[in-house]
Amino acid sequence: KREILLHNTNSKAIRFLGQNPETSRPSAPPRRGPRALPAAVVVVAAALLPGLAATAAALAAAILARRASVTAAALARPPRRAAAAAAARSEAAPGPPAGAAVAADVDGSRGHRLRGMSAHYLSGQLLAEVESVGLTRDAKVYDIEPPVIRPKGKDVICPRDGRLGAAYVDCVDGEDNAGIAQVMLSYTWGYSVGDIADCVHGFCVRKSLDPKRKHAWICCLCINQHRVKEAQAKGDVVPFDSFRREFGEPVEGIGQVLAMMAPWHAPRYLTRVWCDFELYVATSIVGSDKCKLEIAMPPTEEHSMFEAMVQGKGVQELWPALLGIRVEFAEASVCEDKDHILALIKDGPGFHELNSKVAVSLQSWVAETCLQEAKLRLASGQLEGLDAARMCRCIAELLLRLADSSREKNKVHGPRIEEMLNQGWTHLEQAGKVDSVEGAGLLLSRCHMILKFGSDFTPTNPVCHDKPQLLMQRARRILEKMGALETDLGATIVESMGIVELRNGQTAKALKFYEESRQLLSSIGKLSSHAGALLLSSMGQAKKKLKDNEGALEADGQALEIMKTLGTLDTMGGISLQENIGVIKYTIGQAKEGLTFLEESIRLRESLGLAQSVPACWGLLHLGNAKTKLGDLQGAAEAYEAGVKTCEDIGHADTKIHKDLAKLLVKARPTQ
């Protein structure tokens, strides 16, 4: 029988191609290799995400159209409801040629559409076969497809259609090597085969799974590439309905998507337009019984990321990756495909929501991965004393920076941060090093935790019950005793003393601490650093509270120039700075200029996945105020309404910001 059920379609029909563009030659017109099946999670979203059903169905077709192999194999076995139609249109397939091999079906899954490869096989036999043809583990998928993947089943009868030429997975025997897949790998053909094998095997190790029993569905190995080439040569066309019908069941059948990210500071996965959408949809349905999303990296990348985080530079390197998530600028092999996909996304969830969803997912995974690695190192005794305390503080600060202001999520974030700080403190006590630089740093982080969570989290460690002022005074005494106040840490502690005073309404005292901190940074030549810019921004906020708008703009202007020079305007500190400038601008009658700063700060928050937070609510309030100043009451009402909804979504409906937004919304819509 014919292996592919096809229909002629109009302009919405999408051609599928079989080879990656990076290896194309003039004599080889195919432009792109098959990609991972997880795009099909769009189908599941159609049933689970209200308002996205139509978009999901259309996007499933558009995205999966580039998966030539997925299409060919999925349509090779029409579902039961389409079997009669398929039989009526099919032609009798010729019998297998003499001498053709028929692979043994040892584990009983050979020919099953969800059959996958074990992590054990990938990291062993597959890599050995790659090396046997003169390639290395660094070879890309599109490098090994012609000499390794297709030849494996060249002389084997396909158990799915009875014709010569089988999928790689159907030529592998033994349950240790192949079986029904429990996870579906989402990746690009530009990743190396070694990294793919390490990623799947590392996932098993991290989850305490048997690599011989964890099978992964990987399109290049589990799709019959011989049929892909045949379909490509015919120029076959597949309609949207076929994609939706054929890929819904496989996704639900496997139920777990593993998105492979590498390298950690700039994942190539995120530069592909359909991969970004796949991650968004999979993230949206996490928690359902249909599909579970996991993010994974090769162990070497995880180790590199953790070391960077512990050294304090990882977060700075992570921001460009998060800000680089712009599906509207992502790559596609064929221009018309990209235009089609982006048009559907724009009319569906929209770019901002998509970018934000992906950023939040990546942030959560980074935090979880680093936390687990830290726990493993502490449990194994790899780090003790000052080294352990230093690592604990770095991880706690990372979690603090990535934590949002949702009360429900704070119940999860708070205990994790406190756990790291408690373990760090315990290691210092055991080493007799509480009165050390590391001890002062842990006290500073405790202060940050209290200021971050407020009454939303009650710490269990007695040290944390001290008021922030007492924590900072103790930290300062430690550094003064050590003669280490004239350091980055010393300047930050003094600045934090000012922040605490400002929170308590003691603005004049706060400014004195800020000025002292500035002198400390100047003495060590760090006033033009990002820390110096943050300090100047804090000084601007204090001067604004004293109605010194001119002085506030001067301090904020200096901070703005420093961040522009350093390229750090797209950090959380940069976002707050631009918002502060916007507020002052509209306060002194420069509403149009202020609106520009406010809109940019909101855009950056959304890009970093920080739109669901209390600071975001304040940003929307200020945006509404600026629009009110400009006479745009409708725009102001929309901003206030968005702020009200955000407050309610994150569990802050009983707070001052929610009440203020609600009152302003009524004023902006007096007729309602």
Side-chain angles (χ1 to χ4, degrees), residues 36 38 119 123 137-138 140-141 183 185-207 216 257-272 275-276 278-280 282-283 293-327 329-331 355-377 382 391 394-403 416 420 567-568 570-572 607-610:
S123 58
R137 58 180 287 115
D138 295 327
K140 306 295 187 286
V141 173
V183 65
L185 184 69
S186 180
Y187 69 111
T188 81
W189 275 39
Y191 285 151
S192 73
V193 63
D195 279 348
I196 290 174
D198 291 346
C199 184
V200 177
H201 195 276
F203 174 73
C204 291
V205 172
R206 190 169 67 252
K207 297 290 184 178
V257 175
L258 186 65
M260 179 178 171
M261 300 283 180
W264 72 266
H265 52 81
R268 189 169 184 266
Y269 180 94
L270 298 176
T271 67
R272 311 305 302 182
C275 286
D276 285 341
E278 292 166 13
L279 185 56
Y280 164 74
T283 301
L293 171 70
E294 298 275 1
I295 294 179
M297 288 183 184
T300 53
E301 288 294 326
E302 287 187 359
H303 177 77
S304 175
M305 179 184 71
F306 181 81
E307 292 300 328
M309 295 296 174
V310 170
Q311 293 171 16
K313 63 181 181 180
V315 176
Q316 285 71 26
E317 292 187 37
L318 180 63
W319 291 135
L322 297 180
L323 288 167
I325 300 172
R326 292 284 189 279
V327 66
F329 301 131
E331 302 172 4
N355 294 334
S356 179
K357 280 282 187 179
V358 174
V360 169
S361 179
L362 185 57
Q363 287 176 23
S364 299
W365 179 83
V366 168
E368 184 68 28
T369 299
C370 288
L371 179 63
Q372 294 305 317
E373 179 65 21
K375 289 181 177 180
L376 287 173
R377 295 195 181 194
Q382 294 182 41
M391 180 195 70
C394 286
I395 298 303
E397 286 289 339
L398 169 65
L399 297 176
L400 277 168
R401 295 187 68 171
L402 295 181
R416 289 177 169 181
M420 284 291 99
T568 56
D570 50 14
T571 61
M572 287 184 285
S607 299
L608 290 173
L610 303 173

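Because the structure is a prediction, the values reported are computed rather than measured. Just so it is clear, the values below take in all heavy atoms, side chains as well, and ignore hydrogens, waters and symmetry mates.
- Across all non-hydrogen atoms, the minimal contact from C370 to F306 is O-CE1, 3.4 Å.
- No side-chain donor-acceptor contact under 3.5 Å links S304 to the backbone of T300.
- A distance of 7.5 Å separates OG1 of T188 from CD1 of I196, quoted to the nearest 0.5 Å.
- Counting heavy atoms from C-beta outward, M260 and D195 have side chains that approach closer than 4.5 Å.
- Considering only heavy atoms from C-beta on, V257 stays 4.5 Å or farther from V183 through its side chain.
- In this structure, CE in M391 is found 9.0 Å from CD in Q382, a value given to the nearest 0.5 Å.
- Interatomic distance, CZ of F203 versus CG of D198, reported as 15.0 Å (0.5 Å rounding).
- Nearest heavy atoms, S192 versus K140: N-CD, 3.9 Å.
- The shortest side-chain heavy-atom distance between L371 and L399 falls under the 4.5 Å cut-off.
- Considering only heavy atoms from C-beta on, Y187 stays 4.5 Å or farther from V200 through its side chain.
- Here the CH2-OG1 distance, from W264 to T369, works out to 12.0 Å after rounding to the nearest 0.5 Å.
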Review point. Could you walk me through whether E301 and R268 pass the salt bridge (charged side-chain N to carboxylate O under 4.0 Å, His left out) check?
Key: CA-CA 13 Å; E301 288 294 326; R268 189 169 184 266; over 6 Å; no
Exercise for review: Please report the C-alpha distance between C199 and Y191 in whole Å, then the side-chain angles of each, then the deciding distance to 0.1 Å, and finally whether the side chain to side chain contact (heavy atoms under 4.5 Å, CB included) criterion is met.
Suggested key: CA-CA 11 Å; C199 184; Y191 285 151; over 6 Å; no
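- Partner of R206 under the side chain to side chain contact (heavy atoms under 4.5 Å, CB included) criterion, chosen from Q372, E302, E373: E302.
- Minimum interatomic distance between A296 and L258 (heavy atoms only, all atoms of both residues): CB-CD1, 3.5 Å.
- The shortest heavy-atom contact between A262 and P298 is CB-CD, 4.0 Å.
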